[in-house]
Enquirer: 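My structure is below; once you've seen it, I'll send some questions.
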Amino acid sequence: MKNSGRNSRMTKQRRLILEEVRRMMDHPTADEVYEAVRKTIPRISLGTVYRNLDVLAESGEIARLKNSGNQSRFDGDTSNHYHVRCTECGRIANLKGVDVEVDGLQLGAACGFEVVGHWLEFQGVCPACKGGRSLFENVKRTN
Ligand SMILES: [Zn+2]
Ligand SMILES: [Zn+2]
């Protein structure tokens with residue numbers, strides 16, 4: 001998937017933003033990416049971060065999560081995976097190994113649509129929010 005030729009025109013700022021989004025596994029908002037990038041480039045503006053995130057999302061280097069509330073959240077992992085969102089704090093974690101087969105062609109044939117994509121998100125309560133609650137007695141407690 002690496003194509004250094006295509007990426008060679010990437011500015012230093014954009015490359016750093018891309019690296020930060022990939023490093024941050026918690027699907028950061030633009031503001032969170034901005035805070036992280038500022039540690040390396042203190043004078044970077046929020047507008048620059050927003051613009052570069054847009055470019056990266058449009059070129060497919062990162063993914064923009066759908067329905068992520070008021071602020072867009074970004075995902076440095078563009079491989080096929082699903083998400084679980086904490087209903088308490090909004091945190092989003094990756095759910096790997098969940099295999100949901102959706103046959104878009106067949107679905108589309110049934111309703112006359114050409115199905116071009118789908119969006120599926122699980123909901124739950126994250127370990128931090130769960131705290132002492134015993135919603136999932138059979139789940140290993142983290143503390
Ligand atoms: Zn939570
Ligand atoms: Zn993800």
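Counting convention: from 1, in listed order, for ligands and their atoms alike.
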Enquirer: Quick one: closest heavy-atom pair of Glu20 and Ala36, and the distance?
Expert: OE1-CB, 3.6 Å
Enquirer: Can you check the angle at the Zn ion (ligand 1) formed by SG of Cys86 and SG of Cys129? Round it to the nearest 10°.
Expert: 110°
Enquirer: Is the shortest side-chain N to carboxylate O distance from Glu61 to Arg22 below 4.0 Å?
Expert: yes
Enquirer: Could you report the tightest heavy-atom contact between Phe74 and Ala57, atom names first, then the distance?
Expert: CE2-CB, 4.3 Å
Enquirer: Of the non-hydrogen atoms in His27 and Ile92, which two are nearest, and what is the gap between them?
Expert: ND1-O, 2.9 Å
Enquirer: For the Zn ion (ligand 2), report each protein N, O or S atom nearer than 2.8 Å, sorted by chain and then by residue number.
Expert: His27 NE2, Asp75 OD2, His81 NE2, His83 NE2, Asn94 OD1
Enquirer: Can you confirm whether Ile62 sits close enough to Ile17 that some side-chain heavy atom of one is under 4.5 Å from a side-chain heavy atom of the other?
Expert: no
Enquirer: Would you call the rings of Phe122 and Tyr82 parallel, tilted or perpendicular if under 30° counts as parallel and over 60° as perpendicular?
Expert: perpendicular
